[in-house]
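Hydrogens, waters and symmetry mates are skipped; everything else that's a heavy atom, side chains included, is used. Since this is a predicted model, take the numbers as computed values, not measurements. Throughout, residue positions are numbered sequentially from 1 according to the sequence presented.
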Amino acid sequence: QVQLVESGGGLVQAGGSLRLSCAASGRAFNRYGMGWFRQASGKEREFVAAISSNGGTTYYTNSVKGRFAISRDNAKNMVSLQMNSLKPEDTAVYYCAAGLVGRPTLLQSISTYEYWGSGTQVTVSS
């Protein structure tokens, strides 16, 4: 069992930055691949970024490449998402998720994830 709690959301102007954090509790955090997803109002939840259990592999959706960076600290049971050059279309509730996978490429699929946080709101004003 893994419990996830996100923090760091808020209101920011376009072009600004935010850093989201996800604190994990439970055993064997370093076995889990971690992902960030987002869900805008009226839309389906979508993949944003993911990182493999050892931090060696990362994935990003095309719309955030070069602007967002995912990282993890297994000693602290934390995963972070640094978001730069934010755009109004980045506005959404952002969710942290954890899943056990044999192939890191599966981290891009929402069905991979077993555990989810409750989300943190990110609002980017124009």
Which atom of Ser109 lies closest to which atom of Ser111, heavy atoms considered: OG-OG, 2.9 Å

Check which hydrophobic residues are tied to Met78 through side-chain heavy-atom contacts below 4.5 Å, counting indirect links as well, and list them. none

Hey, does the side chain of Asn84 reach the backbone of Ala69 with a donor-acceptor pair shorter than 3.5 angstrom? no

Work out which heavy atom in Gln39 is nearest to a heavy atom in Lys43; give both atom names and the distance. NE2-O, 3.1 Å

Would you find a donor on one side and an acceptor on the other, under 3.5 Å apart, between the side chain of Glu6 and the backbone of Thr120? no

Classify the angle between the aromatic ring planes of Phe68 and Tyr94 as parallel (below 30°), tilted (30 to 60°) or perpendicular (above 60°). tilted

Would Ile51 and Phe29 show up in the same hydrophobic cluster when neighbours are defined by side-chain heavy atoms closer than 4.5 Å? yes

If hydrophobic clusters are built from ILVMFWY residues whose side chains come within less than 4.5 Å, do Val2 and Leu107 share one? no

Does Tyr115 use its side chain to pair, donor to acceptor, with the backbone of Cys96 at less than 3.5 Å? no

Side-chain (Glu114) to main-chain (Ala98) donor-acceptor, under 3.5 angstrom: no

Quick check against the 3.5 Å criterion: does Tyr32 have a side-chain atom that pairs as donor or acceptor with the backbone of Ala97? no

Closest heavy-atom pair and its distance - Arg72, Asn30: NH2-CA, 4.2 Å

Check Pro104 against Ser52 and note the closest heavy-atom contact, atom names and distance. CB-CB, 4.4 Å

Is Arg19 atom CZ crowded by more than 12 heavy atoms from other residues, nucleotides or ligands, each under 6.0 Å away? yes

Which distance, rounded to the nearest 0.5 Å, do you find between the CG of Leu100 and the CG of Leu106? 12.0 Å

Please check if Phe47 and Leu20 belong to a single hydrophobic cluster, counting links between Ile, Leu, Val, Met, Phe, Trp and Tyr side chain heavy atoms closer than 4.5 Å. no

May I have the step-by-step check of side-chain contact (heavy atoms from CB on, under 4.5 Å) for Ser53 and Arg31, ending in yes or no? CA-CA 5 Å; Ser53 58; Arg31 294 178 56 201; 5.6 Å; no

Measuring only between side-chain heavy atoms, which start at C-beta, is Thr105 closer than 4.5 Å to Tyr59? yes

If you round to the nearest 0.5 Å, how far is CZ of Arg38 from OG of Ser63? 4.5 Å

Between Val79 and Ser71, what is the shortest heavy-atom contact and its length? CG2-O, 3.0 Å

Using the side-chain contact (heavy atoms from CB on, under 4.5 Å) rule, take Thr91 and Gln121 through it: C-alpha gap first, then chi angles, then the decisive distance, then the call. CA-CA 8 Å; Thr91 294; Gln121 176 71 46; 4.0 Å; yes

side-chain contact (heavy atoms from CB on, under 4.5 Å) between Met83 and Trp36: does it pass, once the steps are laid out? CA-CA 12 Å; Met83 306 187 296; Trp36 286 96; over 6 Å; no

Val93 and Ile110: same hydrophobic cluster, using ILVMFWY side-chain contacts below 4.5 Å? yes

Minimum heavy-atom separation for Ser126 to Ala14, with atom names? CA-CB, 4.4 Å

For side-chain contact (heavy atoms from CB on, under 4.5 Å), just list the numbers for Leu4 and Met34, CA-CA rounded to whole Å, side-chain angles, deciding distance to a tenth of an Å, and then say yes or no. CA-CA 10 Å; Leu4 304 171; Met34 300 297 296; 3.9 Å; yes

pair Ile70-Tyr60: side-chain heavy atoms closer than 4.5 Å: yes

Checking Ser80 against Gln82: is there a side-chain donor and acceptor pair closer than 3.5 Å? no

Quick check: is Leu81 connected to Val124 through a chain of hydrophobic side chains (ILVMFWY, heavy atoms under 4.5 Å apart)? yes

